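In the text below, chain A, chain B and the rest are named by the order of the sequence lines, each starting its count at 1. Treat the numbers as computed from the prediction; the structure is a model and nothing was measured. These values consider heavy atoms only, across backbone and side chains, with no hydrogens, waters or symmetry-generated copies.
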Amino acid sequence: MILPPDFYARATLDVARDLLGKVLVYRAQAGAASGVIVEVEAYIGEDDPACHAAAGRTARNVPLYGEPGRAYVYLNYGLHHLMNAVTEREGHPAAVLIRALQPLEGRALMRRRRNRAPWRAGKPPVADHDLCRGPGNLTRALGITLDDNLCSLSRGPLTIRDLGHARGTVAWSSRVGIRVGTDRLWRASVAGHPSVSRPSPEPRAQSPKP
DNA sequence: CGTTCGATGCACT
DNA sequence: GTGCATCGAACGT
């Protein structure tokens, strides 16, 4: 049920593809919350300019160099926690960023946490398919914080499981939200799923108008 | 529809 | 001091 560390100790693009359809589960004091993974991105090695390891080992990115099957959580833009699953093997920095979930368990709890964000004060409740749409939104919905950095994804409290959900049709596209390394088609998503954070960018073809 | 921009904290140079 | 693996509101067309 719970994916073993060996699942993550493989080529990162294979792990990324195979994470689609798996279930991210977080058991917190406030209750359990979970969702089916529908969108991920791979960040692979010091040669990948968008990978946090691009400039070598630093205080922040040590989890990327550690054992596969652990969480790498960091704060970005000062307000959003982003969660990765570390892959490959020790000394080979790589990870899969979890970008979107289809909510399963604990939707009321997720909605409470989402609406607690300062910028959502007085707004209508978040629709189900938007609860975990986007990497910052899903960590807020599940309550994932820096305390979960380096957590073993096989031992919890943050785990990833195979609960027999279908994977759907996998669509590969360019990674989003980055300014370098956009040529690599390292984003995998479930085609047409309403919780996918953004559509695939149109290929910038320079064709004359019809 | 589209693009721009502020909020916000911290790692890194 | 600079620049983010974001979000969502505020604009312009």
With the criterion being N/O to N/O and under 3.5 Å, what pairs connect the protein with nucleotides 4-7 of chain C, and how long is each?
{"residue": "dA5(C)", "atom": "OP1", "partner": "His52(A)", "partner atom": "NE2", "Å": "3.3"}
{"residue": "dA5(C)", "atom": "N9", "partner": "Tyr74(A)", "partner atom": "OH", "Å": "3.3"}
{"residue": "dA5(C)", "atom": "N7", "partner": "Ala50(A)", "partner atom": "O", "Å": "3.3"}
{"residue": "dA5(C)", "atom": "N7", "partner": "His52(A)", "partner atom": "NE2", "Å": "3.2"}
{"residue": "dA5(C)", "atom": "N1", "partner": "Asn84(A)", "partner atom": "OD1", "Å": "2.5"}
{"residue": "dA5(C)", "atom": "N1", "partner": "Asn84(A)", "partner atom": "ND2", "Å": "3.3"}
{"residue": "dA5(C)", "atom": "N3", "partner": "Tyr74(A)", "partner atom": "OH", "Å": "3.3"}
{"residue": "dT6(C)", "atom": "OP2", "partner": "Gly177(A)", "partner atom": "O", "Å": "2.8"}
{"residue": "dT6(C)", "atom": "O2", "partner": "His80(A)", "partner atom": "NE2", "Å": "2.7"}
{"residue": "dC7(C)", "atom": "OP1", "partner": "Pro135(A)", "partner atom": "N", "Å": "3.4"}
{"residue": "dC7(C)", "atom": "OP1", "partner": "Gly136(A)", "partner atom": "N", "Å": "3.2"}
{"residue": "dC7(C)", "atom": "OP1", "partner": "Asn137(A)", "partner atom": "N", "Å": "3.3"}
{"residue": "dC7(C)", "atom": "O4'", "partner": "His80(A)", "partner atom": "NE2", "Å": "3.4"}

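- Residue contacts for Ala59(A): at a heavy-atom cut-off of 4.0 Å it reaches the sugar-phosphate backbone alone, with no base atom in range.
- Comparing dG8(C) with dC10(B), their C1' atoms are spaced 22 Å from each other, to the whole Å.
- Sorted pairs that involve residues 16-48 of chain A and meet ring pair (Phe, Tyr, Trp, His ring centres under 6.0 Å), not counting sequence neighbours, are lacking altogether.
- Counting only residues at least two apart or in different chains, salt bridge (charged side-chain N to carboxylate O under 4.0 Å, His left out) contacts with residues 30-50 of chain A comprise Glu39(A)-Arg99(A), Glu39(A)-Arg187(A), Glu41(A)-Arg99(A), Asp48(A)-Arg175(A).
- For the salt bridge (charged side-chain N to carboxylate O under 4.0 Å, His left out) condition, the pairs that include at least one residue of residues 62-75 of chain A, sequence neighbours left out, are Glu67(A)-Arg70(A).
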Check: Based on Watson-Crick and G-U pairs with both distances under 3.5 Å, what dot-bracket line describes DNA chain B 5' to 3', crossing pairs as [ ] and inter-strand pairs as |?
Finding: |||||||.||||.
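- Residues meeting the ring-ring contact (aromatic ring centres under 6.0 Å, His included) test with Tyr72(A), sequence neighbours left out: His52(A), Tyr74(A).
- In this structure, Leu146(A) places its CG atom 14 Å from C1' of dT8(B), rounding to the nearest Å.
- Listed by first and then second residue, the salt bridge (charged side-chain N to carboxylate O under 4.0 Å, His left out) pairs that reach into residues 157-166 of chain A come to none, sequence neighbours excluded.
- Other members of the cluster containing Leu150(A) do not exist, because no ILVMFWY side chain is joined to it at under 4.5 Å.
- Taking atom NE2 on His81(A) and atom C1' on dA11(B), their separation rounds to 15 Å, with Å as the unit.
- Legend: ring pair (Phe, Tyr, Trp, His ring centres under 6.0 Å) pairs involving residues 119-152 of chain A, not counting sequence neighbours, sorted by first then second residue: His80(A)-Trp119(A).
- The line from CG of Leu19(A) to OG1 of Thr12(A) is 10.5 Å long, rounded to the nearest 0.5 Å.
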